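Here's the structure we're looking at; comments come further down.
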There are 2 protein chains.
Amino acid sequence: MLLRIDQSSTTPLFDQLAASIRAAAIAGSVKAGERLPAARDLAESLDINVHTVLRAYQVLRDEGLVDLRRGRGAVVTDRAARYSQLSAAIDAVVAEARTLELSPDTVAALLREALR
Amino acid sequence: MLLRIDQSSTTPLFDQLAASIRAAAIAGSVKAGERLPAARDLAESLDINVHTVLRAYQVLRDEGLVDLRRGRGAVVTDRAARYSQLSAAIDAVVAEARTLELSPDTVAALLREALR
DNA sequence: CAACTTGTTCTAGTTGAACTAGAACTATAG
DNA sequence: CTATAGTTCTAGTTCAACTAGAACAAGTTG
């Protein structure tokens, strides 16, 4: 599992981390039942704060992608498997956005508007 | 044209405003050639700062949706007309997201990840 | 032309979310 | 029991977003 964190980006670190793990779960590079690194360990290896990692884990828990339990850590659920159709739909949007040469911000804003 | 601004939201006001106008342009409720309200006027009627409105206008200019000229104001271009296929693709994503009961934040994050 | 409109640029101050930091606590695994 | 690892709490820092006001420049209008 590749976790990319960009300290210079303006998007919150916990968001970046959650997005990275989420993508890995959907792509299947982390499978259901697998355990994510302990928050303290991951925080150290990424050189960010423990709270930031835990917040990312909590985001994923709210989405139902991981179970979070004391003593055991963060375990990936099987929920990610159900995201395949969504991924396909998103790919279609990405393709359209590229032909129009729209920025990620613009496309994201359009999506958010459509979701309201 | 309906412009919705939520002061209590954490998403930047200029983003909200830009999104609102963008949606109107794509929906066709403001057409190419039409002039948007002068920044000072809009700022007053929405009870926000002029700079915030101008920033929203600049976002739309960067996307090519409006022309911005001194003395004349912000005029809508015909670019929005080319967004129809993108809108359809976005609608498909929205439909999938709703069946999975995902939050807007989650879907937006997935999209951003796919756009990288 | 002159007057007016409207976006542009500059400086400066305020606010709040995000992040950091550290400690104490608690449920679970082994 | 002991170690692990998430939970909760308090507190301080930083930076983008927003506000505010003024001076300016390039158009439009009469």
Side-chain angles (χ1 to χ4, degrees), chain A residues 3-21 33-77 103-105 108-109 112, chain B residues 3-21 33-77 103-105 108-109 112:
Chain A
L3 298 179
R4 285 176 297 187
I5 295 297
D6 178 8
Q7 286 278 6
S8 70
S9 166
T10 60
T11 60
L13 293 175
F14 76 89
D15 262 344
Q16 292 184 47
L17 184 54
S20 212
I21 297 171
E34 260 184 55
R35 204 168 132 172
L36 297 177
R40 296 190 217 301
D41 293 348
L42 190 52
E44 192 178 6
S45 71
L46 292 177
D47 197 26
I48 59 180
N49 196 274
V50 195
H51 296 85
T52 308
V53 175
L54 282 167
R55 179 147 180 206
Y57 280 5
Q58 282 155 15
V59 166
L60 297 173
R61 177 185 54 188
D62 290 347
E63 295 173 16
L65 287 178
V66 302
D67 278 333
L68 231 47
R69 302 265 283 275
R70 304 183 208 203
R72 197 183 45 168
V75 180
V76 178
T77 70
S103 75
D105 282 348
R112 282 185 177 282
Chain B
L3 299 178
R4 283 178 296 189
I5 296 296
D6 179 6
Q7 285 278 5
S8 71
S9 166
T10 59
T11 61
L13 293 176
F14 75 90
D15 263 344
Q16 292 184 45
L17 184 55
S20 210
I21 296 172
E34 261 183 56
R35 206 169 132 172
L36 297 178
R40 288 168 175 66
D41 294 348
L42 191 50
E44 192 179 5
S45 71
L46 292 177
D47 197 26
I48 58 181
N49 196 274
V50 194
H51 296 87
T52 308
V53 174
L54 281 167
R55 180 150 179 204
Y57 280 5
Q58 281 154 16
V59 166
L60 297 172
R61 177 185 55 188
D62 290 348
E63 295 173 15
L65 287 177
V66 302
D67 279 332
L68 232 45
R69 302 265 284 277
R70 305 182 206 203
R72 197 183 44 169
V75 180
V76 178
T77 69
S103 75
D105 281 348
R112 281 185 177 282

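Proteins get letters first, then strands, A, B, ... in listed order; numbering begins at 1 in each. For clarity, every value in this text was computed on a predicted model and none was experimentally measured.
Residue B:Thr10 has its side chain nearest to C:dA17 when only D:dG6, D:dA17, C:dA17 are considered. Closest to the B:Phe14 side chain, of the nucleotides C:dC19, D:dC18, C:dG7, is D:dC18.
Phosphate contact (OP1/OP2 of C:dT8, side-chain N/O of B:Gln58, threshold under 4.0 Å): present. For B:Arg40 and C:dT8, the shortest distance from a side-chain N or O to OP1 or OP2 is not below 4.0 Å. Distances shorter than 4.0 Å separate some side-chain N or O of B:Arg35 from OP1 or OP2 on C:dT6. A sub-4.0 Å separation between OP1 or OP2 of D:dT19 and a side-chain N or O of B:Thr52 is present. Contact annotation: A:Arg55 reaches the phosphate of C:dA18 (side-chain N/O to OP1 or OP2, under 4.0 Å).
You'll find the side chain of A:Thr52 stays beyond 4.5 Å of the side chain of A:Leu46, heavy atoms only. With contacts defined as side-chain heavy-atom distances shorter than 4.5 Å, the pair B:Arg40/B:Val53 does not qualify. Under the 4.5 Å side-chain criterion, counting only non-hydrogen atoms from C-beta, A:Leu42 is not in contact with A:Leu36.
The nearest whole Å value for the distance from the CG atom in A:Asp15 to the C1' atom in C:dC19 is 13 Å. We find that CZ of A:Arg69 is positioned 6 Å from P of C:dT28, with the value rounded to whole Å. Rounded to whole Å, the distance from CD1 on B:Ile48 to C1' on D:dT19 is 11 Å. Note: CG (A:Leu68) to P (D:dT7) measures 4 Å, nearest angstrom. The distance between atom CZ of B:Arg70 and atom P of D:dA26, rounded to the nearest whole Å, is 5 Å. D:dT4 atom C1' lies 10 Å from atom CG of A:Asp41, rounded to whole Å. Atom CD of B:Gln7 is separated from atom C1' of C:dT15 by 13 Å (rounded to the nearest Å). Put simply, CZ on A:Arg61 is 12 Å from C1' on D:dT8, counting in whole angstrom units.
Comparing A:Asn49 and A:Gly71 against DNA chain C, the residue whose closest nucleotide sits nearer the 5' end is A:Asn49. Between B:Leu36 and B:His51, it is B:Leu36 whose nearest contact on DNA chain C lies nearer the 5' terminus.
Of all the heavy atoms in B:Thr11 and B:Gln16, the pair that sits closest is O-NE2, 2.8 Å.
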Derivation and outcome, side chain to side chain contact (heavy atoms under 4.5 Å, CB included), residues A:Arg55 and A:Leu13: CA-CA 10 Å; A:Arg55 179 147 180 206; A:Leu13 293 175; over 6 Å; no
